[in-house]
Number of protein chains: 2
Amino acid sequence: MNNRIPELRRQQGWSQAHLAACLKVSRQTVNAIERGRYDPSLPLAFSIARLFGVAIEDVFQPDPE
Amino acid sequence: MNNRIPELRRQQGWSQAHLAACLKVSRQTVNAIERGRYDPSLPLAFSIARLFGVAIEDVFQPDPE
DNA sequence: GCGAAAGGTAAAGCAAGCTTTACTTTTGTG
DNA sequence: CACAAAAGTAAAGCTTGCTTTACCTTTCGC
């Protein structure tokens, strides 16, 4: 699952640690999701999209299968 | 996490079993998600939304916290 | 009211998401 | 270069998502 989190995060001038704090998850979780090591849960995906003020579909693009 | 799956599913005249087959998950998974026993993974949420031709936000509404 | 289809539920087990702790590597600014 | 901040990685452990098997209840057309 590809995502635009690094791009959206840097637009805000935020570190992974700051984003993690906003989302109330660990920094490692943010890192892992950004790097595509696993997908966020649906509630976390909602939190991320809401924080950036965009739709889930604007943050995450499922790989075509 | 509230969802409109039963409504969207019945609009298509589909059973839980049929929906499960389309999504390539078990019928119990569809049942559990419809009834809010747990949230789908993000990839499954994408599959569901895509199948019904709507946005994820149109299918799932995270409970306010 | 019968039977079949649909829906609901439960237990055990595997896979994925997330945590904490802790260490290494990269990046960037003086 | 030097130091600090940021990013990357790893292991162990807990929780959640999903599977299979199996059984019970509800709905509905005949």
Side-chain angles (χ1 to χ4, degrees):
Chain A
M1 176 94 57
N2 192 37
N3 74 81
R4 289 177 51 228
I5 299 178
E7 175 187 346
L8 294 163
R9 176 173 61 80
R10 291 198 189 101
Q11 281 177 10
Q12 305 294 325
W14 292 346
S15 67
Q16 291 182 349
H18 178 73
L19 176 56
C22 290
L23 295 170
K24 296 190 171 66
V25 295
S26 70
R27 180 180 67 82
Q28 285 80 347
T29 293
V30 168
N31 185 282
I33 293 171
E34 281 197 359
R35 303 188 58 80
R37 304 196 347 108
Y38 51 74
D39 301 318
S41 67
L42 185 55
L44 183 50
F46 264 101
S47 298
I48 293 169
R50 187 149 29 103
L51 186 59
F52 290 123
V54 299
I56 290 184
E57 283 84 353
D58 293 327
V59 184
F60 301 94
Q61 295 92 29
D63 18 51
E65 83 274 14
Chain B
M1 176 94 57
N2 193 37
N3 74 82
R4 290 176 52 229
I5 299 178
E7 176 186 347
L8 294 164
R9 177 172 61 80
R10 292 197 188 101
Q11 280 177 9
Q12 305 295 324
W14 293 345
S15 67
Q16 291 182 349
H18 178 73
L19 175 56
C22 290
L23 296 170
K24 297 190 170 67
V25 296
S26 70
R27 180 179 67 84
Q28 286 79 347
T29 292
V30 167
N31 185 282
I33 293 171
E34 280 196 359
R35 301 188 61 80
R37 305 197 345 110
Y38 52 73
D39 300 318
S41 66
L42 185 55
L44 182 50
F46 264 101
S47 298
I48 294 169
R50 187 148 28 105
L51 186 59
F52 289 124
V54 300
I56 289 184
E57 283 85 352
D58 293 327
V59 184
F60 301 94
Q61 295 91 29
D63 19 50
E65 83 276 12

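FYI, side chains are in, hydrogens and waters are out, and symmetry mates aren't considered; it's all heavy atoms of this structure. Residue numbering restarts at 1 for every chain, and letters A, B, ... go by the order of the sequence lines.
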Exercise. Mind checking what makes side chain to side chain donor-acceptor pair (under 3.5 Å) contact with B:S26, not counting sequence neighbours?
Worked result: B:T29

Problem set entry | Contacts of B:R35 that satisfy side chain to side chain contact (heavy atoms under 4.5 Å, CB included) - sequence neighbours left out | B:N31, B:R37

Problem set entry | Near-strand residues of residues 11-26 of chain A, defined as heavy-atom separation under 4.0 angstrom from DNA chain D | A:S15, A:Q16

For this session: Tell me, please, which residues at least two apart from A:Q12 pass side chain to side chain donor-acceptor pair (under 3.5 Å).
Result: none

Problem set entry | Residues which pass salt bridge (Lys or Arg N to Asp or Glu O under 4.0 Å) with A:E57, listed by chain and number, not counting sequence neighbours | none

Between the protein and nucleotides 27-30 of chain C, list the N/O to N/O atom pairs that are separated by less than 3.5 angstrom.
none

Exercise. Near DNA chain C, which residues from residues 29-37 of chain A have a heavy atom under 4.0 Å away?
Worked result: A:T29, A:I33

What does the list of N/O pairs under 3.5 Å between the protein and nucleotides 22-30 of chain D look like, with a distance for each?
residue : atom : partner : partner atom : Å
D:dA22  : N6   : B:Q28   : NE2          : 2.9

Seminar exercise, completed: Computed from five pairs at either end and rounded to 10 degrees, the angle between the axes of the helix from C:dG1-D:dC30 to C:dG30-D:dC1 is 60°

For this session: Not counting sequence neighbours, list each pair that qualifies as a ring pair (Phe, Tyr, Trp, His ring centres under 6.0 Å) and has a residue in residues 22-45 of chain A.
Result: none

Exercise. Salt bridge (Lys or Arg N to Asp or Glu O under 4.0 Å) with B:R27: which residues, sequence neighbours excluded?
Worked result: none

For this session: Taking side chain to side chain contact (heavy atoms under 4.5 Å, CB included) as the test, write out the residues that go with A:R10, two or more places apart.
Result: A:P6

